[in-house]
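Order of the sequence lines sets the chain letters (A, B, ...), proteins ahead of strands, with each chain counted from 1. Any value given below was found using the heavy atoms of this structure, including those in side chains, with hydrogens, waters and symmetry copies removed.
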Amino acid sequence: MIMKNFKTRSLTVSVFISSFLLLTIVSVSCGKNFLNEPPRRVTIQDLLNNPQDGAQRMIGAVYNKLYDWQQHSFSWIGITSIATDDADKGSDPGDSGADKLDLDNWVFNPSSISFFEVWESNFQGIGRATYALKFLPDMNLLPNEKERYIGEAKMLRAYFYFNLVRTFGGVPKIDKVLESQAEIEEASTRRSAEEIYALIEADLNDAVMKLPVTIPVSERGRVSKGAAQALLSKVYLYQKKWGQAKAMADAVVASGQYSLHPDYAMIFREAGEFSSESIWEVNAVGTVPNKGIEGYFVVQAPRGGGGLGWGFNTPTTDLLNAYEPDDKRKAGTIIFAGQLLWDGFQINPSSPNPMYNYKSYVSKTQETFNGDDWNSNKNYRVMRIAEVLLIKAEAENELNNIAAAQAALNLVRNRAGLPNTTAATKDDLRNAIWKERRVELAFEHDRMFDLRRTGRAAAVLQAHGKNYISPKHDLYPIPQSQINLSSGKLIQNPGY
Amino acid sequence: MIAMNQLLSRLSLLICINFFLITSLFSQSTITGVITDVQGAVIQGVTITVKGTGNATQSNANGQFSISASPGGVLVFSNIGYNTLEEPINGRTSINIILAESSSDLTTVVVIGYGTARKRDLTGSSSTIKGSEIVNVPVLTATQAIQGKAAGVQIINSGAPGSAPNVRIRGTGSILGGVDPLYVVDGIITTDIRNINTADILSVDILKDASSTAIYGARAANGVVLITTKAGTRGGLTINYNGYGGVRMLTRKVKMAGPNLFTIYSNEAAGVPAILSTDITGSADWYDVLTRPAVLQNHALSLSGGKNQYRYFFSAGYLNEDGILLDNNYRRLTFRYNHDINIGKKIKIGNNLAFSDYASNNKPYSLFTQAYIAAPIYNPRNPDGSYGFTTKSDVGNPLATLEYTNDRSWGRRAQASLWGEYEIISGLSFRSSFGIDGEQNNGRNYVPVYQVGNTTQRNEVSRLSYSKDSIYQWVWDNILTFEKQLGDDHNLRLLGGHTAERRNGWGNSASRNNVGNNKDEWKLDFADTTGGQQNFRDPIGNYFRRESYFLRANYRFLEKYLVNATFRRDASSNFSKNNRWASFPSIGLGWLITRESFFQNQKLFDALKLRASYGLAGNDVVRPGAFDLMPTERLFAYFGTNRVNGTTVLGIVDPNLKWEVVKEFDLGLEFTFAGGKLSGEIDYYHKRATDALYDIPLVQLGFGNRFITNAADVVNQGLELSLGWNNKVSNDLRYTIRGNVTFNKNNVENVGAGKALPFGSLGNGWSATQTAVGQPIGSFWVFKTDGIFQDQAAVNSYPHIATAAPGDFKIVDVNGDGVIDNNDRVYAGSYQPKFYYGFNTTINLKKFDFSIDIFGNAGNKVYNAKKGVRYGGNYNLEYDVANNRWRDGVNPSNTNPRAYNGVPYPTDYFVESGSFVRINNITAGYTIPSSKLFSSVRVFASAQNPFIYTKYTGFTPELPGNQNEAGIELNIYPVSATYMIGLNVQFK
């Protein structure tokens with residue numbers, strides 16, 4: 001095996017030299033391909049090439065936003081509920097829940113995290129809907145399928161915008177996909193609330209045209225024509241467009257798809273999901289693979305020894321006292337410390353808070369629960385027929401149709417076990433409807449916006465002992481971080 | 001490309017030949033001799049070459065060598081760490097040689113990119129650490145042991161078993177790209193060196209300036225660490241054993257409030273008696289409960305040897321390291337087989353094979369934080385064995401958390417590099433090497449059903465998750481080198497090469513609920529999608545393909561003028577086609593002043609060399625596909641019971657993303673004085689990272705809140721000084737004193753759109769750091785305080801936050817606009833030290849040896865975030881913070897705020913000095929004279945990190961982390977002290 005042999009050596013030489021040459025040739029000729037690392041994930045082109053799947057995925061991403069912690073949980077609960085006379089911060093005295101104590105006491109500032117989270121989440125929803133609307137028109141789908149997806153994207157975009165305009169007033173208007181820093185900077189300027197409402201109305205009117213009347217069981221959670229109409233009637237209500245609000249509410253009622261659930265408390269349990277009362281719910285699933293409204297249950301669940309959760313957003317005595325005697329809704333809305341709940345769960349009598357929110361309660365024994373209390377089965381109720389009836393009542397009253405207003409209001413009152421309203425004048429009836437909204441929709445994220453919409457926020461909240469300053473607090477502040485990032489192009493609301 | 005299997009089969013053929021030829025011998029006339037150092041100790045592993053031929057050998061364990069050469073030839077003796085010596089044969093057949101040790105002498109042979117060189121011929125800046133300085137230090141990775149031993153190299157160690165330290169060479173050069181150096185092990189590029197047994201390391205060479213690193217262009221921006229493992233020695237079989245065992249302990253424990261103080265503080269903060277005296281059912285010092293003296297042991301055994309035509313080195317290593325957290329353990333097995341063989345005079349082939357296997361029982365580091373905040377008012381365990389608890393605090397029982405954690409990881413890694421060299425004609429040779437690196441990492445986490453007392457510390461459904469990552473990488477280098485001496489005056493060395501590499505891999509993970517209450521139940525089938533099991537498959541985070549061409553020319557004129565030029569052209573799949581290729585040139589000049597005739601008459605300097613270099617290096621460490629607009633998947637929503645995999649685009653990207661380029665200038669002076677006793681090096685460097693990756697923050701309008709682009713400039717400039725003093729007082733007493741210091745100034749000069757980026761989330765809604773123009777990367781950004789409001793009148797008379805009350809910090813309205821907001825925040829230093837230094841000394845007295853290593857850094861800050869984690873929930877707090885709190889009319893403190901339950905603003909109260917001096921290691925050893933069985937036996941005792949001096953009040957001022965948020969003590973593993981004894985044996 002001695003390698004002095006010339007033949008062997010020249011063989012080895014040629015192996016080395018030829019492999020080097022080969023490598024050089026290979027790297028020159030194939031270099032281009034070698035360096036192209038194919039994408040490891042789904043591409044936009046993949047979505048477009050498989051339109052059936054692609055369209056569902058793009059719209060699914062918009063719906064996904066409705067489940068997010070930032071969208072409907074802590075921050076949203078804070079600005080819509082804890083800040084009002086319906087609820088206190090809850091939890092332990094020392095547990096400030098980031099800025100929740102500040103919201104409760106009305107000492108927040110533009111840097112408080114809740115405003116940023118509400119801003120960010122709703123704009124993210126708008127971005128995702130706008131992306132869907134960019135691609136859907138050119139996707140190879142059956143016409144009715146395509147229409148429906150477009151209707152859903154528009155309806156959801158309108159919902160996100162409605163949240164923003166109610167929270168902050170006028171905000172930047174996004175009606176096309178932004179693709180560069182320059183385009184984002186260009187768009188970073190506040191448009192008037194009227195312009196935003198116009199966009200919301202246009203989107204919803206289009207959605208009403210495109211969405212189906214009924215949603216099959218297998219598609220629960222998707223939005224319907226009735227949902228778009230109900231949301232649109234509320235949008236009109238906020239703008240005091242009484243005639244249009246009434247017309248939309250009437251359309252929802254006339255569809256025949258919805259009716260009041262005979263048992264108020266059941267609406268908020270698993271057994272009441274997608275009931276006849278329901279117009280729009282976010283469809284949470286509490287079994288593997290779980291997808292819940294992130295943290296929604298655990299944040300509000302009773303606290304303390306053996307408790308279930310963090311115990312935030314607790315009912316006030318003021319709310320408790322707002323219920324008329326015999327109002328069945330009180331028992332469906334409020335948990336008392338020490339109470340034995342419907343499913344047999346005993347609340348600790350020495351819980352740190354005297355009351356908790358019953359509507360967000362999930363039974364670990366009688367309802368679907370697999371240990372993941374962050375992603376629980378609790379659906380988020382966005383719109384239900386009772387609210388549409390109250391919108392109708394308010395609009396009819398403003399249009400001087402007192403009898404029609406009373407009739408709608410009484411439907412809601414009677415279901416709660418209460419007699420017909422005694423309010424007969426327009427002013428009395430208006431107050432009666434507003435009061436009814438409070439108790440009917442308690443903890444359904446309506447109170448703060450309702451107080452502001454009706455101009456009562458300062459009077460009611462100051463009487464409740466809040467540090468509410470009008471007109472400063474009639475809108476929440478634009479998040480300071482966003483103002484800074486816009487280099488001052490986004491102008492803060494007055495007073496902040 | 002050539003199919004991989006063809007290539008592998010060809011290479012395996014080479015191995016076969018390799019083994020075949022072990023038995024082949026050449027019968028030639030020889031010259032023999034023994035090589036010793038100046039103290040008379042034999043030196044093994046010295047390379048002996050016959051000058052001008054390819055003929056070479058190495059000295060064996062007894063320092064003996066044997067080589068064939070013509071009687072008129074010249075033998076060249078070289079070894080890392082020693083002066084190279086040229087010895088004319090002059091017809092002798094027996095030549096005994098004495099080699100002088102050279103700690104930083106100019107004649108040392110050092111490892112450089114794609115080769116070796118005499119240090120005197122370098123025009124760049126590099127540092128060498130010998131393997132003998134690492135082998136007996138209780139560390140997992142070699143880089144941990146070189147802390148304080150090389151100028152310009154900052155090592156930030158973590159105390160956690162199984163973790164690698166942060167290594168920063170000449171500052172932090174990137175904001176969002178990689179900041180770790182490139183590791184090259186025996187010529188093969190890698191990113192993780194935790195699989196290398198430190199006993200296998202011959203030397204660690206650190207390349208610092210562009211002239212040294214630019215040959216690795218693509219990823220050299222953060223410096224290069226070259227690790228050379230041991231090769232066999234020609235001669236008989238040598239068996240070495242190196243081992244140590246010891247115990248590791250938490251050294252700096254922060255004193256926490258006890259039951260009474262905790263209760264008083266909590267009630268005072270709540271304003272109501274939330275905790276009653278009857279709620280105090282016991283007490284716990286949670287740090288004592290969770291930690292222990294941890295045992296560690298390390299054993300390394302190696303067999304090496306060889307004959308004229310081949311060398312081999314085989315080693316096996318076992319490391320078992322307990323963490324100071326109960327049950328926390330890491331163990332590693334390593335094997336290495338290095339082999340090379342000459343086939344005839346012109347061909348040499350070899351391999352480096354390494355295999356490692358590890359297993360770790362993980363405990364979450366968040367336990368250190370949990371122990372910090374857990375209420376001390378109950379016993380960890382009740383008499384009946386159940387866990388103690390309280391319903392008065394939100395923090396669960398840390399012992400229960402620890403014991404209910406069943407988190408294990410384990411894996412394997414195999415590296416193989418095969419190479420061949422052919423000398424085509426004299427001076428011209430070709431080398432091809434192919435390296436493959438495959439690793440598999442597994443993780444398993446089981447959460448049982450449990451309920452601690454009557455609290456919310458519980459888990460209602462058992463859950464098992466399992467993950468498996470498989471990563472493979474290959475790199476193929478082809479290099480031609482040419483060396484030519486033209487007359488006496490000109491020496492030219494040329495190198496040209498091509499390299500291609502690819503890294504790829506996938507991670508699988510699966511989980512399911514309701515797996516039965518058995519912590520050893522761990523079987524999950526990745527294919528199973530029934531029963532609520534969820535499976536995911538994702539690409540690894542850093543897959544890539546790269547291709548490069550490189551050239552280097554070294555020219556030496558009259559043995560005193562040096563020119564070194566390199567050029568590398570790199571391509572990376574991390575960039576789009578338009579920006580894929582980039583060029584990285586460098587030039588270095590050197591002048592050996594002492595060789596000038598005008599310098600011959602002085603006696604001060606033994607050697608003096610001036611060098612300067614300038615060059616470019618690149619950084620492509622960016623998420624794969626970052627330039628491409630890609631949708632995000634798994635934005636799930638349910639339609640009925642059908643889960644929709646929501647998929648859409650979430651932000652904007654920069655399609656023109658490209659390389660970060662570092663432009664570095666270096667000016668250095670190397671000198672030796674006093675007959676070789678004093679030597680040193682001084683370097684000035686200026687590194688500018690241009691087109692550095694930066695996240696441009698955006699107004700959130702639904703298209704992302706930031707996007708990554710090339711926008712920033714970061715400058716590091718500094719001064720490095722290292723000095724060494726070697727002296728032999730007598731045959732019985734020798735000593736070495738070495739010291740180094742590095743001054744570095746880091747500054748962000750430009751950040752594109754000019755927006756600072758916040759980092760360092762404190763977990764309470766606030767961030768502690770910002771990276772901003774005019775500041776070092778990751779500077780602390782806090783509110784300034786001016787004492788404490790002593791009464792309501794003081795609050796009312798100054799701008800304050802809405803919740804301010806007497807006893808709160810008076811936050812300074814810096815911009816004077818009457819409002820306290822983020823515009824009032826100021827920069828309060830960064831974690832990057834102004835300077836860091838090391839000091840090492842070794843004394844040999846007769847058979848005794850003694851050494852001490854000291855490391856320190858100064859001028860930096862740390863953020864003691866632990867002091868701010870209490871915001872209600874009845875968390876515990878430090879004794880001093882509680883005891884010294886402001887109290888109305890009782891303690892009008894101006895430095896410690898009142899008892900408070902809100903989220904504290906990030907103020908300068910949390911920013912403390914990060915300066916420290918630490919004794920890294922003290923070792924004393926005794927060498928037993930050789931006997932029949934042993935050539936040498938040394939026993940030693942050593943203390944690692946036994947003493948630290950710092951003003952910092954937390955656990956440790958050594959806080960590795962991402963460059964933008966390092967230096968925040970929140971969830972960290974405290975540094976501990978290790979005391980151990982060890983044994984080094986060489987068998988005959």
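- In terms of heavy-atom pairs under 4.5 angstrom with chain A, the leader among B:Thr803, B:Asn459, B:Asn705, B:Val644 is B:Val644.
- Heavy atoms closer than 4.5 Å to chain A are found in the side chain of B:Ile696, but not in its backbone.
- Both the backbone and the side chain of B:Leu629 have a heavy atom closer than 4.5 Å to some heavy atom of chain A.
- Ring geometry, B:Phe639 versus A:Tyr63: the interplanar angle exceeds 60°, so the pair is classed perpendicular (tilted spans 30 to 60°).
- Residue contact with chain A, scored on non-hydrogen atoms closer than 4.5 Å, is absent for B:Trp766.
- For the atom pair CD1 (A:Ile113) and CG (A:Leu103), the distance works out to 11.0 Å, reported to the nearest 0.5 Å.
- Of the residues considered (B:Asp654, B:Val699, B:Thr648), B:Val699 shows the highest number of contacts with chain A, using heavy-atom pairs under 4.5 Å.
- Scanning all heavy atoms of the two residues, the minimum distance from A:Gly311 to A:Arg303 falls at CA-CB, 3.8 Å.
- Each of A:Leu47, A:Ile126, A:Asn105, A:Ile44 has some count of heavy-atom pairs under 4.5 Å with chain B, and the biggest count is that of A:Ile44.
- When heavy atoms are compared at a cutoff of 4.5 Å, B:Phe707 approaches chain A solely by way of its side chain, counted from C-beta outward.
- For the set A:Arg128, A:Arg57, A:Gln482, the entry with the most heavy-atom pairs within less than 4.5 Å of chain B is A:Arg57.
- Note on B:Asn874, B:Ile652, B:Asn822: by heavy-atom pairs under 4.5 Å with chain A, the leading option is B:Ile652.
- The structure places CG of B:Asn645 at 8.0 Å from CG of A:Asp53, a figure rounded to the nearest 0.5 Å.
- The residue among A:Lys65, A:Glu219, A:Arg220, A:Glu37 with the most heavy atom pairs within less than 4.5 Å of chain B is A:Glu37.
- When heavy atoms are compared at a cutoff of 4.5 Å, B:Arg463 does not approach chain A at all.
- In this structure, the side chains of A:Val288 and A:Asn370 come closer than 4.5 Å at one or more pairs of heavy atoms.
- Note: A:Arg222 leads A:Glu179, A:Arg222, A:Lys291, A:Gln480 in heavy-atom pairs under 4.5 Å with chain B.
- Only the backbone of B:Phe544 comes within less than 4.5 Å of a heavy atom in chain A; its side chain stays farther off.
- Comparing A:Met58, A:Arg40, A:Lys489 by how many heavy-atom pairs each has under 4.5 Å with chain B, the most go to A:Arg40.
- Chosen from B:Asn823, B:Thr709, B:Val649, B:Asn504, the residue pairing most often with chain A at heavy-atom distances under 4.5 Å is B:Val649.
- In this structure, A:Leu66 and A:Phe160 have side chains that are in contact, with non-hydrogen atoms separated by less than 4.5 Å.
- Between B:Asp570 and B:Arg546 the shortest side-chain heavy-atom distance does not fall below 4.5 Å.
- Contact count against chain A (heavy-atom pairs under 4.5 Å) is highest for B:Asp394 among B:Val272, B:Asp821, B:Asp394.
- No other option in A:Val177, A:Asn109, A:Asp102, A:Leu101 has as many heavy-atom pairs under 4.5 Å with chain B as A:Val177.
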Checklist entry - Can you check salt bridge (Lys or Arg N to Asp or Glu O under 4.0 Å) on B:Asp538 and B:Arg634, steps first, answer last? => result CA-CA 12 Å; B:Asp538 291 292; B:Arg634 297 175 194 163; 3.2 Å; yes
